[in-house]
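Comments concern the structure below.
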Amino acid sequence: MIPWLVADAPFPPPELALADPNGLLCAGGDLSPQRLLAAYRQGIFPWFSDGQPILWWSPDPRMVLFPAEFRISRSLGKTLRAGRYEVRLNSDFAAVIDACAHTWRPGQPGTWITPEMRRAYTRLHELGWAHSVETWVQGENGDELAGGLYGLAIGRMFYGESMFSRRTDASKIAAAHLARFLESRNFGMVDCQMYTDHLASLGAREIPRTEFAARLADLTADAGPPARWPVDGAAGDWHEA
């Protein structure tokens, strides 16, 4: 059995999360900005489907990316240097989260980015906590959104939520620019939540939950009000892996 959150009840300690399914901690509560920010500061995130209660997770081990360790393959480096794509920050958050919600993923019959989740994270974006990184390309009818990702920034910690791609490498381009942007601003870690081969190919790796919690506490210790991000790209010279 897992605890049920009511009213303003605090989250249980993450170390009490189940081993099977890995990381399931509690259920209930709401998706208010206050609840979500409290969750992320403790390394907890919501993940549930339509028809389910809100489920909160803290898996062990935790998949993370250290910005300086982002891996640029030879082919991705070639694409980045070609400069055919434009990368923007926060120019169309709604379009990014909507595209992520409607992207089919192997082994997932539906989406966990429900309308309720989209409303909650859009509100976090309006408050300055949630951000999008977008890859744009020139199409027949003007600029087209080719790929991107979104997540939250608290202090020097970024929490990746989801990404999508409509053209080859479009989401990887967004991730590469995000890593460069975060490194330039002294961010220490990106939370990728759970292992996937795709994330591992980009340089992400698993660490124990205890280590994740210690790093998280340090990176968010002095977090003040949300910092506004510029609406442009984090361009730079790219090198092959």
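- By the neighbour-count criterion of 12 heavy atoms within 6.0 Å, atom CG of Asp8 is sparsely surrounded, having that number or fewer from other residues, nucleotides or ligands.
- For the atom pair CG (Leu199) and CZ (Arg205), the distance works out to 14.0 Å, reported to the nearest 0.5 Å.
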**OP:** Would you check, one step at a time, whether the test side chain to side chain contact (heavy atoms under 4.5 Å, CB included) holds for Thr79 with Lys172?
**Re:** CA-CA 10 Å; Thr79 301; Lys172 292 181 180 179; over 6 Å; no
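- Among all heavy-atom pairs drawn from Met117 and Pro46, the shortest one is CE-O, 3.9 Å.
- Linking Ile, Leu, Val, Met, Phe, Trp and Tyr residues whenever their side-chain heavy atoms come within less than 4.5 Å leaves Trp112 and Met63 in two separate clusters.
- The closest donor-acceptor contact from the side chain of Thr135 to the backbone of Ala170 lies under 3.5 Å.
- Smallest separation of non-hydrogen atoms from Leu5 and Pro12: CD2-CD, 4.3 Å.
- Taking all atoms of both residues into account, the shortest heavy-atom contact from Ser132 to Val96 is CB-CG2, 4.0 Å.
- Comment: Glu144 does not engage Arg166 in a salt bridge, judged by the lack of any side-chain N to carboxylate O separation of less than 4.0 angstrom.
- Judged by distance alone, the side chain of Ser73 and the main-chain N or O of Leu76 form a donor-acceptor pair under 3.5 Å.
- Listed by first then second residue, pairs satisfying ring-ring contact (aromatic ring centres under 6.0 Å, His included) with a partner in residues 192-219 number zero, not counting sequence neighbours.
- Residues Ala38 and Phe11 come closest through the heavy atom pair C-CE1, 4.3 Å.
- One distance of note links CG of Asp92 with CG of Asp143; it measures 11.5 Å at 0.5 Å rounding.
- Applying the side chain to side chain contact (heavy atoms under 4.5 Å, CB included) rule to Asp218 yields the partners Arg156; only residues at least two apart in sequence or on another chain are considered.
- In this structure, CG in Leu89 is found 14.0 Å from CZ in Arg228, a value given to the nearest 0.5 Å.
- Arg118 places a side-chain N or O within 3.5 Å of a backbone atom of Ile113 that can act as its donor or acceptor partner.
- Taking CD1 of Ile173 as the start and CZ of Arg84 as the end, the distance is 8.0 Å to the nearest 0.5 Å.
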If you look only at distance, which donor and acceptor atoms sit under 3.5 Å apart when one is on a side chain in residues 185-194 and the other is two or more places apart or in another chain?
{"unit_1": "Asp191", "atom_1": "OD1", "unit_2": "Arg62", "atom_2": "NE", "d": "2.9"}
{"unit_1": "Asp191", "atom_1": "OD1", "unit_2": "Gln193", "atom_2": "N", "d": "2.9"}
{"unit_1": "Asp191", "atom_1": "OD2", "unit_2": "Arg62", "atom_2": "NH2", "d": "2.8"}
{"unit_1": "Gln193", "atom_1": "NE2", "unit_2": "Glu161", "atom_2": "OE2", "d": "3.0"}

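- A side-chain donor-acceptor contact under 3.5 Å links Trp56 to the backbone of Gly28.
- A search for side chain to side chain donor-acceptor pair (under 3.5 Å) contacts involving Arg119 returns nothing, not counting sequence neighbours.
- Atoms OH and NE2, on Tyr85 and His177 in that order, are 11.5 Å from each other to the nearest 0.5 Å.
- With sequence neighbours excluded, the residues that form a side chain to side chain donor-acceptor pair (under 3.5 Å) with Glu86 are Arg88.
- Under the 4.5 Å side-chain contact rule for hydrophobic residues, Ile97 and Ile54 share a cluster.
- Following chains of ILVMFWY side-chain contacts shorter than 4.5 Å, one can reach Leu55 starting from Tyr121, so the two form part of one hydrophobic cluster.
- Under the side chain to side chain donor-acceptor pair (under 3.5 Å) criterion, Ser171 pairs with no residue, sequence neighbours left out.
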**OP:** Please assess Leu216 against Tyr159 for the test side chain to side chain contact (heavy atoms under 4.5 Å, CB included), listing each intermediate value before the final yes or no.
**Re:** CA-CA 11 Å; Leu216 179 65; Tyr159 306 81; 3.0 Å; yes
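- Proximity of a side-chain donor or acceptor of Asn22 to a complementary backbone N or O of Asp60 within less than 3.5 Å is detected.
- Across all non-hydrogen atoms, the minimal contact from Leu145 to Ala95 is CD2-CB, 3.8 Å.
- Counting heavy atoms from C-beta outward, Phe48 and Thr114 have side chains that approach closer than 4.5 Å.
- When hydrophobic clusters are built by joining Ile, Leu, Val, Met, Phe, Trp and Tyr residues whose side-chain heavy atoms come closer than 4.5 Å, directly or via intermediates, Leu18 is not grouped with Trp4.
- Within the 4.5 Å cutoff, side-chain heavy atoms of Leu178 are placed close to those of Phe158.
- A distance of 6.0 Å or more separates the ring centres of Trp129 and Tyr40.
- Between the CG atom of Leu80 and the CD1 atom of Ile72 there is a distance of 5.5 Å, given to the nearest 0.5 Å.
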Subject >> Worked verdict on Glu126 versus Arg123 for side chain to side chain contact (heavy atoms under 4.5 Å, CB included) >> reply: CA-CA 5 Å; Glu126 293 169 350; Arg123 180 57 181 152; 3.3 Å; yes
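- In this structure a side-chain-to-backbone donor-acceptor pair under 3.5 Å is present from Arg71 to Ala200.
- Contact record, Leu202 with Ala175: CD1-CB, 4.5 Å, taken as the closest heavy-atom pair.
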Original post:
Should Phe45 and Leu152 be marked as a side chain to side chain contact (heavy atoms under 4.5 Å, CB included) after you check the CA-CA gap, both sets of side-chain angles, and the distance that decides it?
Top reply: CA-CA 11 Å; Phe45 59 88; Leu152 279 71; over 6 Å; no
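- No donor-acceptor pair under 3.5 Å is formed between the side chain of Trp229 and the backbone N or O of Asn90.
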